[in-house]
Trainee: 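Structure incoming, see below.
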Amino acid sequence: MNNKAIITSALPYANGEIHLGHVASTYLPADVTTRFLKLNGVEAYYVCASDDFGTPILIQSEKEGKTPSEYVAHWNKRDYDDFTAFNIKFDFFYKTSSPENIAFVQDVFKKLNDSGHIYQKEIIQFYCKNDNKFLPDRYVKGVCPYCMAEDQYSDLCEKCGRVPEEITDPKCSLCGQPPTKEKTNHYFYRLTTFGNDLSKWLDGNEHLQKDVKKYVQNWITSGLIDWDITRDIPWGVPVPLEGAEGKVFYGWFDNHLAYISTAMKFLDDKGINGKEFWNSADIYHFIGKDIVYHHYLFLTSMRLGLQNEYKLPDFIPTRGHLTLQGKKISKSRNWYIGLKQFLEYYPADYLRFYLVSINPYSQDDLNFDWDDFTTRINSELIGNLGNFINRALGFTKKTFEGIVPETEKFDEKDSEAEKRINCLATDVGSLMEQNHLDRALKKIMEFSSHFNQYFQHKEPWKKGPGTANCVFLSVNATRSLAIAMFPFMPESSEEIWKQLGLEETVENNSWKDMSEMKIHPGHILGESAPLFVKVEKTDIEKHKTGLGPAE
RNA sequence: AGCGGGGUGGGGAAGUCAGGUCAUCCCGGCGGGCUCAUAACCCGCAAAUCAGUAGUUCAAAUCUACUCCCCGCUACCA
């Protein structure tokens, strides 16, 4: 394991609230991984930023009668607050509209331009005279020339799935008027020249997911096309060239550069040489499967174009999308759950536990189901894990006045239990290193389940021989659980630590510490109480009916 | 249309890349136990020709070919 790491997650677009889908695929896996790396002594920094520029934000801010800056400032704060409430702990959360990022993007553009990766081309684009705007693809709707479906985007027909050469009967999606076609000058990035290098990089990087690699290789094989990197709107990073007044960069040219500019700002402020750190660290970009194209091709080709001044990603953990009760999340149909809203119902750790446990390390979609959530919380988190901790600590309190007793000679069951503790750090850790967070969590649950069995079979309540060993090992296993759980459920983990009567915080331990027996006979436990409250089915029914179109 | 991923006891999933050690886990059903614990926990039972067909192999849920279903992506949705 590299002793330095920079972790990023896809930048939240600053035009709406964070919902369960966002955190499931990107922010939570990144946060869990960062916490794990930090426990392992890795100097790891998790940085993120709001993605502030682009046409949708410009249009929405106009509708709300705000300036774009006011508008994005609002969402930047709101997103950060929501993340914080969910215990997503960024080392630094910044914005793509920061002066540092704007300067960085312009500098990158100049370098790419100087080395011949950029060219200008006149193109013809839809223009709406009524709205006074050039209309990017998404803002023109019309009839699909293949299947005659109406009201389709000009760049993709949702009915037949085909990409029209030219849409029939085009309309401006803002005002409904037919747009005109106007000539405009745009800048293009020579993505085509990077095909071979991208392909080589994909093959050579063994950390990337196989299925994603295949997917990207397919794109490369079928032929890349040069990439239009500018737009004619007033809200973005200005193109720093004479004659390019009024033009800004396309959002995907500037937003991922904020990974670097944000990290540089953070590190330099800390007195660390940012570039040096970046190039000697493991770079992780956590994303959802919808932006594979941008991260595997745009982002990487730009770094290649800069001749690796900033190294390419080592890991791009790519996960699928969350569906809700089996259906695609959709804000317009009110088929989504806001993060803030969810946290008004249940503690952050419930959601963290549930989302990690259903989320594999793959592009497969995962499903949020209220009934499934209920059983997983009630029977696994509470019935298995919470129950073991509660009985271990409660029994010690009751029978030994909270003082860990002297041990005797271990019998076979004790030795097996001891072995489990000794192996836990490696068993769980190796899965974490491979990004299999769901399996790692499952290992923790197996550990806890084993201790429920152990406790049962030792029957300490009969107070026969071996009772002291059972208590000693169970209390130590509880401590192990607290450390192992920390990346997943930090609040509960700290609570267990307190109940164990241990000093400081879980955060100050190292990962491998969980496999040692650091609670010795004579140790006095703190106050204990059940960690979790069960999920009530009647509440769940209410939450279910809150979904879907309002009455 | 192209590309990608799936179909595993009644429900939900893991296992498939590296074939045998494998049919596992959670819920549900049935029977028993225990009482430290949040009607929790522990033990046992019933229930799957691992979508279908053909093939490779001493051996297939796992590899190959074809077929039938489902889902996702396709360049401004995490």
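Each chain gets a letter, A, B and so on, in the order the sequences are listed, and its residues count up from 1. What you are looking at is a predicted structure, and each value in this text was computed from that prediction instead of being measured.
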Trainee: In whole Å, what separates the P atom of rA61(B) from that of rU49(B)?
Mentor: 13 Å
Trainee: From CG of Leu324(A) over to P of rC77(B), roughly how many Å is that when rounded to an integer?
Mentor: 19 Å
Trainee: If I pick the C1' atom on rA78(B) and the same atom on rC73(B), what distance separates them, to the nearest angstrom?
Mentor: 14 Å
Trainee: Using the C1' atoms only, state how far rA13(B) lies from rG5(B), rounded to an integer number of Å.
Mentor: 16 Å
Trainee: Ile358(A) has an atom CD1; how far is it from atom C1' of rA14(B), in whole Å?
Mentor: 14 Å
Trainee: Using whole Å, what does the distance between atom C1' of nucleotide rG4(B) and atom CH2 of Trp219(A) come to?
Mentor: 10 Å
Trainee: What's the closest nucleotide to the Ile291(A) side chain, out of rA78(B), rG5(B), rG15(B)?
Mentor: rA78(B)
Trainee: Do the rings of Phe253(A) and Phe249(A) sit parallel, tilted or perpendicular, given the 30° and 60° boundaries?
Mentor: parallel
Trainee: Are Asp414(A) and Lys458(A) ion-paired here, with the side-chain N under 4.0 Å from a carboxylate O?
Mentor: yes
Trainee: Hey, is Arg420(A) close enough to Glu416(A) for a salt bridge, meaning N to O under 4.0 Å?
Mentor: yes
Trainee: Starting at atom CG of Leu297(A), determine the distance to atom P of rC76(B), rounded to an integer number of angstrom.
Mentor: 12 Å
Trainee: Could you check which of rC76(B), rA78(B), rG5(B) has an atom nearest any side-chain atom of Tyr250(A)?
Mentor: rC76(B)
Trainee: Quick check, does His321(A) stack with rG72(B)? I mean ring centres under 5.5 Å and planes off by under 30°.
Mentor: no
Trainee: Can you tell me the pairing partner of rU38(B) across any strand shown, Watson-Crick or G-U wobble, with both distances under 3.5 angstrom?
Mentor: none
Trainee: Now, which nucleotide makes the Watson-Crick or G-U wobble pair with rG28(B), with each of the two distances under 3.5 Å?
Mentor: none
Trainee: Is it possible for you to check whether Arg352(A) lies under 6.0 Å from the centre of the six-membered ring of Phe86(A), through NZ or CZ, and within 45° of that ring's axis?
Mentor: yes
Trainee: Check whether any side-chain N or O of Lys537(A) sits under 4.0 Å from OP1 or OP2 of rC27(B), and answer yes or no.
Mentor: no
Trainee: Could you give the distance separating rA54(B) and rG11(B) at their C1' atoms, to the nearest angstrom?
Mentor: 32 Å
Trainee: Compute whether any side-chain donor of one residue and acceptor of the other, for Asp372(A) and Tyr354(A), lie under 3.5 angstrom apart.
Mentor: yes
Trainee: Rounded to whole angstroms, how far apart are CD on Gln209(A) and P on rG5(B)?
Mentor: 13 Å
Trainee: So, does Gln60(A) use its side chain to make a donor-acceptor pair with the main chain of Asn15(A) at under 3.5 Å?
Mentor: no
Trainee: Applying the Watson-Crick and G-U wobble criteria at under 3.5 Å, what pairs with rG2(B)? Answer none if nothing qualifies.
Mentor: rC73(B)
Trainee: Measuring only the C1' atom in each nucleotide, how far is rG32(B) from rA23(B)? A whole number of Å is fine.
Mentor: 26 Å
Trainee: Using atom C1' of each nucleotide, how far apart are rU56(B) and rC43(B) to the nearest Å?
Mentor: 44 Å
Trainee: So His256(A) and Tyr259(A), would you call those rings parallel, tilted or perpendicular, with 30° and 60° as cut-offs?
Mentor: tilted
Trainee: What integer distance in Å separates Asp290(A):CG from rC77(B):P?
Mentor: 8 Å
Trainee: Let me have a per-nucleotide readout for nucleotides 32-44 of chain B, 5' to 3', with B, S or -, counting only protein heavy atoms under 4.0 Å.
Mentor: -BSSBBB-SBSS-
Trainee: Considering only the C1' atoms, how many Å lie between rU62(B) and rU16(B), rounded to the nearest integer?
Mentor: 4 Å
Trainee: Just name whichever nucleotide pairs with rA51(B), Watson-Crick or G-U, keeping both distances under 3.5 Å, else none.
Mentor: rU67(B)
Trainee: Could you tell me the separation between the CD1 atom of Ile59(A) and the P atom of rC76(B), rounded to a whole number of Å?
Mentor: 15 Å
Trainee: Using a distance-only criterion (donor-acceptor N/O pair, under 3.5 Å, no hydrogens), is the base of rA78(B) paired with the side chain of Ser25(A)?
Mentor: yes
Trainee: Determine the contact category for Arg439(A): base if any of its heavy atoms lies under 4.0 Å from a base atom, sugar-phosphate if only primed atoms, P, OP1 or OP2 are that close, otherwise nothing.
Mentor: sugar-phosphate
Trainee: In terms of the nearest nucleotide of RNA chain B, which residue is placed more toward the 5' end: Ile225(A) or Lys442(A)?
Mentor: Lys442(A)
Trainee: What integer distance in Å separates Lys289(A):NZ from rG4(B):P?
Mentor: 14 Å
Trainee: Indicate whether the side chain of Asp349(A) and that of Ser492(A) have a donor and an acceptor atom separated by less than 3.5 Å.
Mentor: yes
Trainee: For the P atoms, the ones on rC69(B) and on rG52(B), what distance do you get once it is rounded to whole angstrom?
Mentor: 15 Å
Trainee: In the structure shown, which nucleotide is the Watson-Crick or G-U wobble counterpart of rU16(B), with both distances under 3.5 Å?
Mentor: none
Trainee: Is it true that Asp82(A) and Arg78(A) make a salt bridge, defined as a side-chain N closer than 4.0 Å to a carboxylate O?
Mentor: yes
